[in-house]
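First comes the structure, then the notes that go with it.
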Amino acid sequence: MFNARSLLFVPGHRPDRFEKALDSDADLVCIDLEDAVPVAQKADARSMVCDFLEGCDPSLLQRIVIRVSAAESDEGRVDLYALSKARLPARLMLAKTESAGDVATAATLLDQPVGWIALVESASGLLAMEAICRDSTLDAVMFGGGDFAAQLGAEFAWEPLLWARSQMAVIAAAYRLPLIDVPFLDVRDSLGLEAETRRVAALGYAAKAAIHPAQIDGIHRGFAPTAEALRQARDIVDAFEQARGGAVVVNGRMVDQPIVDSARRLIARGNTEKEFV
């Protein structure tokens, strides 16, 4: 079960940062073997990540994700070969997932059971996302907005990416898969981060990625319902239960089962505990 609001990226060639990231309040920590690692340090990064996993407390493996390069790339094949000999965390993230076969290819190369997060970061990936989401080994999907915007020649901003975010939210919901949003890049703008997190939460996203530990609190605040929203949700559920499942008017608003289901989800989000199974 994927139950996370935040995913903190850390470069795979910086083992000094692994423990620090895990000491943060991030729900998940993603150790990156892909874009964050210079080409000249890829081999060292793989070795250091595998060594870290071997010595890692088993309880922490549930919080760790390893991002590997695209399954069809040379770097991806080497990433997966190295990890196939290692003790694995609960999940791997597959960069540049663009087709239904990419996760299956990666799983075959890895040859160990693991949960997958498909990172969709291209127009081709978005067009194939419904097929991608049919893979039963997926735990979640992530929107790679930076690469996506670059391919389109679009600004990496809210409005140009809103359509893609919305499309991904609809498809992920259809397959009941949690959806993770791209990091907010300005680590100094805590208000902007929280506002963007609230926007993706409103679209149905389950989590948002971070590039610095200082962003975690803002992400968690962004996903947390306001006190007023929780009060209204509890009023809706209480009134509906008192009506024994019939439609009822609460604060001037007609309430039926779908509204109650949404209210219950919001209450559950307000009671979120760190659970990674």
- What's the shortest heavy-atom distance between A224 and R198, and which atoms? O-NH1, 3.1 Å
- Query: Got a donor-acceptor contact below 3.5 angstrom from the R63 side chain to the A26 backbone?
  - Reply: yes
- Item | Exercise: do Q242 and D238 side chains pair donor with acceptor under 3.5 Å | no
- Message: Taking the side chain as everything from C-beta on, heavy atoms only, tell me whether R46 gets closer than 4.5 Å to E75.
- Response: yes
- Message: With clusters defined by side-chain heavy atoms of hydrophobic residues (ILVMFWY) lying less than 4.5 Å apart, directly or transitively, does L109 cluster with L33?
- Response: yes
- Message: Test side-chain contact (heavy atoms from CB on, under 4.5 Å) on H220 and D27; report intermediate values, then the result.
- Response: CA-CA 10 Å; H220 290 178; D27 293 335; 3.8 Å; yes
- Query: Salt bridge or not for D261 and R265, using N-O below 4.0 Å?
  - Reply: no
- Query: So do the side chains of I259 and M254 get within less than 4.5 Å of each other, counting heavy atoms only?
  - Reply: no
- Message: Same cluster or not: F148 versus L162, using hydrophobic residues (I, L, V, M, F, W, Y) connected whenever any side-chain heavy atoms lie under 4.5 Å apart?
- Response: yes
- If we only count heavy atoms from C-beta on, is the I180 to L28 side-chain gap below 4.5 Å? no
- Message: Can you confirm whether the side chains of D79 and S69 place a donor and an acceptor under 3.5 Å from each other?
- Response: yes
- Test log, rule salt bridge (charged side-chain N to carboxylate O under 4.0 Å, His left out), inputs R199 and E196: CA-CA 5 Å; R199 283 175 160 179; E196 185 168 280; 6.0 Å; no
- Task: Enumerate the residue pairs fulfilling ring-ring contact (aromatic ring centres under 6.0 Å, His included) with a member in residues 44-85, sequence neighbours excluded, ordered by first and then second residue.
- Result: F18-F52
- Shortest non-hydrogen contact between V29 and A21, atoms and distance: CG2-O, 3.5 Å
- Task: Could you grab the distance from atom CG of L126 to atom CD of Q151, nearest 0.5 Å is fine?
- Result: 10.0 Å
- Please examine the side chains of P89 and L53, heavy atoms only from C-beta on, and report whether any two atoms are closer than 4.5 Å. yes
- Under a 4.0 Å N-O cut-off, is there an ion pair linking E54 with K85? no
- Value rounded to 0.5 Å, distance of CG in L92 from CD1 in I31: 11.0 Å
- More than 12 non-hydrogen atoms from neighbouring residues, nucleotides or ligands closer than 6.0 Å to CZ on R134, yes or no? yes
- Task: Starting at CZ of F9, measure out to CD of Q215 and round the result to the nearest 0.5 Å.
- Result: 11.5 Å
- When every non-hydrogen atom of A149 is compared with those of L161, the smallest separation belongs to CB-CD2, 4.0 Å
- Any donor and acceptor pair, going by atom type alone, linking the side chain of R87 with main-chain N or O of C56 inside 3.5 Å? yes
- Task: Could you state whether W163 and L179 fall into the same hydrophobic cluster, counting links through intermediate Ile, Leu, Val, Met, Phe, Trp or Tyr residues with side-chain heavy atoms under 4.5 angstrom apart?
- Result: yes
- Item | Shared hydrophobic cluster, V170 / M168 (ILVMFWY, side-chain heavy atoms < 4.5 Å) | no
- Item | Close side-chain approach of E72 and D102, heavy atoms under 4.5 Å | yes
- Message: Apply side-chain contact (heavy atoms from CB on, under 4.5 Å) to residues L110 and Q112 and explain how you reach the verdict.
- Response: CA-CA 6 Å; L110 184 70; Q112 287 200 57; 4.2 Å; yes
- Pair D23 + K20, salt bridge at N-O below 4.0 Å: no
- Only residue of I216, I219, L8 satisfying side chain to side chain contact (heavy atoms under 4.5 Å, CB included) with D25 is I216
- Query: With a 4.5 Å limit on heavy-atom distance, are the side chains of R67 and V37 in contact?
  - Reply: no
- Item | Full working for side-chain contact (heavy atoms from CB on, under 4.5 Å) between M93 and L7 | CA-CA 11 Å; M93 179 185 292; L7 181 148; 4.1 Å; yes
- Say whether, by atom type as modelled, one donor and one acceptor occur between the side chain of Y205 and the main chain of R165 under 3.5 angstrom. yes
- Task: Would you name the heavy atoms of C133 and V141 that are closest together and state the gap between them?
- Result: SG-CG2, 4.0 Å
- Item | Side chain S47, main chain A43, donor-acceptor under 3.5 Å | no
- CD/Q62 to CG/N3 distance, rounded to the nearest 0.5 angstrom? 12.5 Å
- Message: Same cluster or not: V78 versus V114, using hydrophobic residues (I, L, V, M, F, W, Y) connected whenever any side-chain heavy atoms lie under 4.5 Å apart?
- Response: no
- Query: Is F143 close to V200 at the side-chain level, that is, under 4.5 Å between some pair of heavy atoms?
  - Reply: no
- Query: Under 3.5 Å, is there a donor-acceptor pair between the side chain of K208 and the main chain of P183?
  - Reply: no
- Apply side-chain contact (heavy atoms from CB on, under 4.5 Å) to S166 and L203, showing your working. CA-CA 7 Å; S166 300; L203 287 177; 3.9 Å; yes
- Closest approach of I132 to G125 (non-hydrogen atoms, all atoms of both residues): CD1-O, 3.8 Å
- Return yes if some donor-acceptor pair links the side-chain N/O of E194 with the main-chain N/O of G222 below 3.5 Å, else return no. no
- Message: Measuring from atom CG of L94 to atom CG of L119, what distance do you get when rounded to the nearest 0.5 angstrom?
- Response: 8.0 Å
- Item | Minimum side-chain heavy-atom gap L185-F156 below 4.5 Å | yes
- Item | Shortest non-hydrogen contact from V237 toward A263 | CG2-CB, 4.0 Å
- Note on the structure: Value for CD (E19) from CG (D57), rounded to nearest 0.5 Å, stands at 9.0 Å
